[in-house]
Amino acid sequence: MNTEEANTIRLRKPAPIVPPGSLAGQSLITLIAIMSFLACVTVGGVSLVRQSADIWQGQIAREATIQIRPARDFDIEGALVEARAIAQDFDGVRDARIIDQEETAGLLEPWLGAGLDLEELPVPRLVVITIDENDPPDFSAMRQAVEEAVANATLDDHRAWVARLVSMARTTVFFGVAILMLVIAALLLTVVFATRGAMSSNQEVIEVLHFIGARGGFIARQFERRFFMIGLTGGAIGAALAVALGFAVSLWARANVTSAQGEQLAAFFGDFTVPWTAYAGMLIVLALVAALTALTTRLTVINVLYEIDERRADPSR
């Protein structure tokens, strides 16, 4: 052997235990990307619903309404003025205004059509009270004062709606977290099977390395690094697709804000803008997918090596 051949042998890099590229690896990247996309979309959806619920809760918490029902020979205009005056006398009330007939007809127009004659319909009239969120009034005392002084009047402080919104938000978060956990669990099981498949294709090499003294940690690191990159690549693709979907939906909603569909979306989700917390959650999902993929791979490899040792110690198995 001449000097040039010896230098070539010394410079030649050893072949990796786990092949850097294979059909199984590409398939696993695709599968992890799909699961990461679903997980990120779940995080974005939960964040959007929570943001909308907070907006609704804030809007409802800032207002209360006095409803006055019409009746025969009843001066409803005078009753509205009297109810507004009573409400304005309470501490914690910033403003109280009467919803006039024209505005009332506008509120009912989507359901009853245009050209309504409210004098011929038993439509209740409203006084909208704007309250101080930091120092709200005593609603019990206000309700008693209004109902005693004004006939056919009731006060609604919207507490029942606030409670329903809080319950809905909590339920949405619960189901979102449950779906996220199921996706993560499916991802981990996929990684376990993929790792065992990769070890099966390199079974002889792994056993030889293990029998000649290679530590389990060394062998596990070879698989851990490879599958960490697979998890990181697949997670990045899934997260990028979820971010792109979020931007696309936001742009579509803004472009159709004046349409009927846009108005319905705005009623439920505000401006339909995905909050920054959703994108932060997607980055966390990306890091979690890569870390769990590497950890699951390491534990699987160590467990397989332990099984090899058990078979070696007990040939009858």
Side-chain angles (χ1 to χ4, degrees), residues 28 30-64 133-134 136 139 156-194 231-232 234-254 261-297 299:
L28 184 59
T30 303
L31 186 57
I32 291 177
I34 294 173
M35 293 183 175
S36 300
F37 172 77
L38 294 176
C40 290
V41 168
T42 301
V43 171
V46 170
S47 300
L48 182 60
V49 171
R50 281 183 59 85
Q51 174 185 258
S52 302
D54 291 339
I55 293 174
W56 297 337
Q57 184 175 345
Q59 291 174 344
I60 291 176
R62 286 194 296 269
E63 291 185 349
E133 298 177 66
N134 299 322
F139 288 110
D156 184 3
D157 58 8
H158 302 161
R159 291 183 182 179
W161 288 103
V162 171
R164 291 178 183 178
L165 284 174
V166 172
S167 177
M168 182 200 69
R170 290 177 178 174
T171 303
T172 302
V173 171
F174 172 79
F175 281 107
V177 171
I179 293 173
L180 182 61
M181 296 303 295
L182 289 175
V183 172
I184 295 297
L187 173 62
L188 296 181
L189 291 175
T190 302
V191 172
V192 170
F193 289 122
L232 186 62
I237 294 173
L241 290 175
V243 170
L245 177 63
F247 278 114
V249 171
S250 298
L251 292 175
W252 178 87
R254 292 174 185 175
Q261 293 179 341
E263 291 178 356
Q264 291 296 324
L265 287 174
F268 282 100
F269 300 105
D271 58 359
F272 210 82
T273 300
V274 179
W276 68 268
T277 53
Y279 295 113
M282 293 177 187
L283 291 177
I284 293 175
V285 168
L286 168 59
L288 186 64
V289 166
L292 288 178
T293 301
L295 179 61
T296 304
T297 300
L299 295 177

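Positions are given from 1 along the sequence.
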Search all heavy atoms of [X] against all heavy atoms of [Y] and return the closest pair with its distance.
{"X": "Ala278", "Y": "Val43", "result": "O-CG1, 4.0 Å"}
{"X": "Val285", "Y": "Ala39", "result": "CG1-CB, 3.9 Å"}
{"X": "Ser36", "Y": "Gly235", "result": "OG-CA, 3.4 Å"}

Residues in side chain to side chain contact (heavy atoms under 4.5 Å, CB included) contact with [X], at least two apart in sequence or another chain:
{"X": "Leu283", "result": "none"}
{"X": "Ala236", "result": "Leu286"}
{"X": "Ala242", "result": "Phe37, Cys40, Val41, Met282"}
{"X": "Ala33", "result": "Ile237"}

Task: Rounded distance [0.5 Å steps], CD1 in Ile184 versus CD1 in Ile179 - done: 13.0 Å

Task: Interatomic distance, Leu182 atom CG to Met35 atom CE [nearest 0.5 angstrom] - done: 11.0 Å

Task: Results of ring pair (Phe, Tyr, Trp, His ring centres under 6.0 Å) for Tyr279 - residues two or more places apart only - done: Phe247

- [ ] Would you please test Thr42 and Val183 for side-chain contact (heavy atoms from CB on, under 4.5 Å) and show each step?
- [x] CA-CA 10 Å; Thr42 301; Val183 172; 5.6 Å; no

